[in-house]
Amino acid sequence: MNPLYDPSNIETQVQTNWENSQAFKATEDPAREKFYCLSMFPYPSGKLHMGHVRNYTIGDVISRYQRMQGKNVMQPMGWDAFGLPAENAAIKSGMPPAEWTRSNIDYMKAQLQRLGFAYDWDRELATCDPDYYKWEQWLFTRLIDKGLAYRKKATVNWDPVDQTVLANEQVIDGKGWRSGAVVEKRDIEQWFLRITDYAQELLDDLDKLPGWPDRVLTQQRNWIGRSEGVQMDFQLEHGNENISIYTTRPDTLMGVTYLAVAAEHSTSLQAAESNPELADFIETCQKGGVTEAEMETMEKKGIALGLNVIHPVSGEIIPLYAANFVLMAYGTGAVMAVPGHDQRDWEFAEKYGIERKQVIFSVDGSDCSIEKAAFLEKGVLKNSGPFDGLSSEDAFDAIADWLKEQGKGEKQIHFRLRDWGVSRQRYWGCPIPMITDVNGESKTASDFHVRLPEDVTVDGSGSPLKKMPEFYDLGNGEVRETDTFDTFFESSWYYARYCCPDASDSMLDDRAKYWLPVDQYIGGIEHAILHLLYARFFNKLMRDEGLVENDEPFSKLLTQGMVIAETYYRTNDDGSREWFNPADITLERDDKGSAIRATLSADGESVTIGRIEKMSKSKNNGVDPQSLIDRYGADTVRLYTMFAAPPEQTLEWSDAGVEGAYRFLKRLWKLSATHLEAGDVPDLKKDELSDAQQKTRLKIHVTINKVNDDIGRRYTFNTAIAATMELINILSHAKDESENGRAIMREGLETVILLLSPIVPHITEVLWREFGHAKPIIDAAWPEVDESALVQKELQLVVQVNGKLRAKIMVPSDADQKQIEESAISDENVQKFIAEKQIRKVIVVPGRLVNIVVS
RNA sequence: GCCGGGGUGGCGGAAUUGGUAGACGCGCCGGAUUCAAAAUCCGGUUUCUUCGGAAGUGCGAGUUCGAUUCUCGCCCUCGGCACCA
């Protein structure tokens, strides 16, 4: 055996073996327990970044661990291939998106293979492949038939210079990113899916997902946002028209002092015809972006319409306003305003001098004044006519009942969740299979499979499809839809297609019923809401088509944190910053090791140490995985990414840390080589162990327990690795050349090799064979604990006096409470702290500590 | 603005159910080896200290025999907010 660890050599060798033996090909086998492990597929942006490496290493570790547990594991990989960056690259370089995307896929696939991930590459798919997207086109036509897809107007960001629709990320400070023009809102016809029909089920089924992080469940619940409230009508003072509103606080109804509608509400538009000031206001509201964050943070503005409505209970005349914070797309596009009991209404009323009316008062007499702020709590009603004296809770029902009797309103369940707009005015996506006929009516394309033309030029002014009559003009007066689907469409069902990527007659076949649901899904926390909600929704749509049987697509979810790194920069004369890559920086440290100065290695001059931020091109702090793989090998990169932080937390990149991981693998290699060189090892004689040998064996088996729990249950790979490092430290210090000593060394080394094999599969595969095993380690069984090794004669207990550590004592492991107390109290140092004091209480926590409470 | 996280030595992090704060690694300091360096190996490393101890997990309160862990208030920071993926 080569005494030197040579990663590049052994890794290519091992990878070739895996490939030749088709080691990771997954086949349906009803006799075996399946395990479907899925990592979120990447967008093929060019090359892998550290976030990918981290995500896919986590998935690979779990997959390999489950395989060693005897499961039939399937781990696929593919490409989320449609999307905006390909169009941006096309504008820059002139390369068509299809070509750019496919060449990126080739490069990134080679990178993934070099990292040694145990994928079944036969199941690879790319969403830009017509054989993939034709099936979502098929599903869409089914949804049209079922009334689950429909068309309506919706607002987009419009760049008036580039004459194109902008994504939210392309709007910077309210301006188009390329043109710099002030962005406008524009309403256009778009396709929507009725996800709201499934809102209740999407909410209820979250309870079926105990394997999901609580924070994701909470965010999804809040996003769906079920509320119980009352819908009611306010009649316009003149004419028969009603303004319909929804409120969750009908108990404050008698405190309504104005109504606000969206600027583009029909009533507002009508009034604007004879009111130039209002028309101006509506036009101003057309400026700016469409995001919720923008809406919520902008200055709240409004204007009186010059119209009034009638209060449904009191008959009072109430003014009607148009306001920029009321959104046409939410609910009815109108809200009732209660300045006394809603803070936003309070501020609006303050600004425009509208009356504030208090109708809710505190029950316990605590301060509930509305002079300085709205009173938001529930309480008891006053100034509320027939409802005076009722509690907020009782008033809710009383007012709802009254409105219902009068035919003016009723209780309603409302969801914050809105229907999913799936139309995108972009080229690089799946064509929406719809046709507009001669009468202007929409119908589904008779052949649902509309292929996207791939030989195009992209210039940034609107979708190329709109300039291709050969695509959209069907010649008989019919026109093909030129919009494409939101790319969340593709990522909403890829997990199912992996089960049967070659199914040619249907979207999915019976193989999906074997593999689904996904047992473990791994991906970035940034997908906690949208992607996961849409995928859950699609699963239910596919279930209702009879394609899958499960209600939920992902049984367990692991959300991994970002990868971040230090930043370094120099400020130019004009105030702009030039950012330097951490690889090009030299750090100077003080005696304690804290960084005091950073210099650019090239010129030796100082640079400013910036914040630690998410790896990005703009801050030039990205670390290229490829150069690390070239230098240290895949195992070192895998080991470091798993060791540096638990998977859910952000991971701070450190080149020195990678060096440490490499050092550990070298030590493992060398310790194994030295041990093997000394020749054969006799069987362990368990009943002839010295105390030291027993302690070492105890450590080996405690480590198995810990690593099993850390990898199998907790997913804290960092502590699993730390535990094996501890064990290696103990083994390398043991220096026991006796027969039993060498047998324990072998037991320990083989244990570490098995425990680490899911994380560093190449080095462990080679060592496993060097240790004389004929079968590859990927098919070895996970090590089992020898319970007899865990038995201890004595235990260490900590002794506290008044909660402070004062001694450590050894007691027989079968000692009773009284013996333990006596032993603790008689300790010399403990005596010093309890001398001349009264012992009030002694708390014994078995196996852990004794706390003596003295006065 | 709204929803959801996070904050522990010089650094990444550990402490799993309220029970020894700082495992493991990095960095730094000292030593061995070396003509020298790299590599490797050994020891030390929260702060203060009168060397007995004391303080300490973002800040301020609280519950408890005991709080990094639970409760309340605040500060900072990160993710999401429906057309980035």
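Labels below follow one simple rule: chain letters A, B, ... track the order of the sequence lines, proteins then strands, and each chain is numbered from 1.
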Presence of A:Lys804 side-chain N/O under 4.0 Å of B:G66 phosphate oxygens OP1/OP2
no
Please tell me if A:Asn718 has a side-chain N or O lying less than 4.0 Å from either OP1 or OP2 of B:G25.
no
Kindly say if A:Asn222 contacts the phosphate of B:G4, meaning a side-chain N or O under 4.0 Å from OP1 or OP2.
yes
Looking at A:Arg663, I'd like to know whether one of its side-chain N or O atoms comes within less than 4.0 Å of OP1 or OP2 on B:G27.
yes
For A:Tyr521 and A:His531, take the angle between the two ring planes, folded into 0 to 90°, and tell me which bin it lands in: parallel under 30, tilted 30 to 60, perpendicular over 60.
tilted
Using a cut-off of less than 4.0 Å, is there contact between a side-chain N or O of A:Asn729 and OP1 or OP2 of B:A23?
no
Could you run down nucleotides 75-85 of chain B 5' to 3' and tag each one B, S or - for protein heavy-atom contact under 4.0 Å?
---SBSBBBSB
Quick check: are there more than 12 heavy atoms from other residues, nucleotides or ligands sitting under 6.0 Å from CD of A:Glu377?
no
Looking at B:C41, I'd like to know if its phosphate oxygens (OP1 or OP2) sit under 4.0 Å from a side-chain N or O belonging to A:Lys670.
no
Give a yes or no on this: more than 12 heavy atoms of other residues, nucleotides or ligands lie within 6.0 Å of atom CZ of A:Arg848.
no
Any cation-pi pair here, A:Lys670 with A:Tyr5, using under 6.0 Å and within 45°?
no
Is the gap between the ring centers of A:Phe41 and A:Tyr494 under 6.0 Å?
yes
So what does A:Val853 hit on the nucleic acid, given a heavy-atom distance under 4.0 Å: a base, only sugar-phosphate, or nothing?
sugar-phosphate
Under 3.5 Å, is there an N or O donor on one side and an acceptor on the other linking the side chain of A:Arg667 and the base of B:U40?
no
So, applying ring pair (Phe, Tyr, Trp, His ring centres under 6.0 Å) with A:Phe489, which one of A:Tyr534, A:Trp420, A:Phe537 is it?
A:Trp420
Side-chain N or O of A:Arg714 versus OP1/OP2 of B:A15: is the shortest distance under 4.0 Å?
yes
In dot-bracket, 5' to 3', how would RNA chain B read with Watson-Crick or G-U wobble pairs under 3.5 Å, [ ] for crossing ones and | for pairs to another strand?
(((((((..(((......[....)))((((((.......))))))(((....)))..(((((..]....))))))))))))....
Between A:Phe82 and A:Phe485, is the gap from one ring center to the other below 6.0 Å?
no
Closest approach to the side chain of A:Arg215, judged atom by atom: which nucleotide of B:G5, B:C65, B:G1 is it?
B:G5
